[in-house]
K.L.:
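Here it is, the structure in full.
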Amino acid sequence: MAKKEVKEVIYYLINDCIVGKSVIYDRFSKEYIYEDGKWHVDKDWVIMDRIVGFNPNEPPDSPYAFGNDGIMSELKIISKEQAMDVIHKSER
């Protein structure tokens, strides 16, 4: 099996304290959250929910469940250097 080539890595700051990243390949991406000293697959969809504005706390039939500006504003794109700074500060 051929190794997948990484096209891009985008780093995020979530709620001003959680660092995440999207690793983008040719046809898909994989999201990760940094916690407990290592990168973990974002199995709870923390990053993607914020990208599309999905608020899981809204009722299923709520008009505010998708495209929710409040949840989208919790995510900021940052540089790799900024991500590493936040990680190093949190590990002290």
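These values consider heavy atoms only, across backbone and side chains, with no hydrogens, waters or symmetry-generated copies.
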K.L.:
Locate the shortest heavy-atom distance separating Val86 from Cys17; write the atom from each residue and the value.
P.N.:
CG1-O, 4.2 Å
K.L.:
Is any side-chain heavy atom of Ile71 closer than 4.5 Å to one of Asp49?
P.N.:
no
K.L.:
Kindly give the heavy-atom pair with the smallest separation between Glu8 and Ile10, and that separation in Å.
P.N.:
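Result for this residue pair: OE2-CG1, 3.8 Å.
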K.L.:
Would you mind reporting whether Leu13 and Gln82 have side-chain heavy atoms less than 4.5 Å apart?
P.N.:
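The answer is no; the side chains never approach within 4.5 Å.
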K.L.:
Cut-off 3.5 Å, side chains only: do Ser79 and Tyr11 have a donor facing an acceptor?
P.N.:
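Checked: Ser79/Tyr11 side chains show no N/O donor-acceptor pair below 3.5 Å.
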K.L.:
Are any non-hydrogen side-chain atoms of Asp16 and Lys76 less than 4.5 angstrom apart?
P.N.:
yes
K.L.:
Heavy-atom distance under 4.5 Å between the side chains of Arg50 and Ile14, does that happen here?
P.N.:
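Arg50 reaches Ile14 side chain to side chain.
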K.L.:
Are Tyr12 and Ile24 connected into the same hydrophobic cluster when the rule is that any two of I, L, V, M, F, W, Y join if their side-chain heavy atoms are below 4.5 Å apart?
P.N.:
yes
K.L.:
Could you state whether Val52 and Tyr64 fall into the same hydrophobic cluster, counting links through intermediate Ile, Leu, Val, Met, Phe, Trp or Tyr residues with side-chain heavy atoms under 4.5 angstrom apart?
P.N.:
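No; tracing contacts between hydrophobic side chains, which count when under 4.5 Å, never links both residues.
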K.L.:
Indicate yes or no: at least one non-hydrogen side-chain atom of Ile51 is less than 4.5 angstrom from one of Leu75.
P.N.:
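Contact flag for Ile51/Leu75 side chains = yes.
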K.L.:
How close do Tyr25 and Val6 get, counting heavy atoms only, and between which atoms?
P.N.:
CE2-CG2, 3.6 Å
K.L.:
Heavy-atom distance under 4.5 Å between the side chains of Ile47 and Ser22, does that happen here?
P.N.:
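Yes, side chains in contact.
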K.L.:
Using 30° and 60° as the class boundaries, would you call the ring planes of Phe66 and Phe54 parallel, tilted or perpendicular?
P.N.:
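Tilted: the ring planes of Phe66 and Phe54 meet at 30° to 60°.
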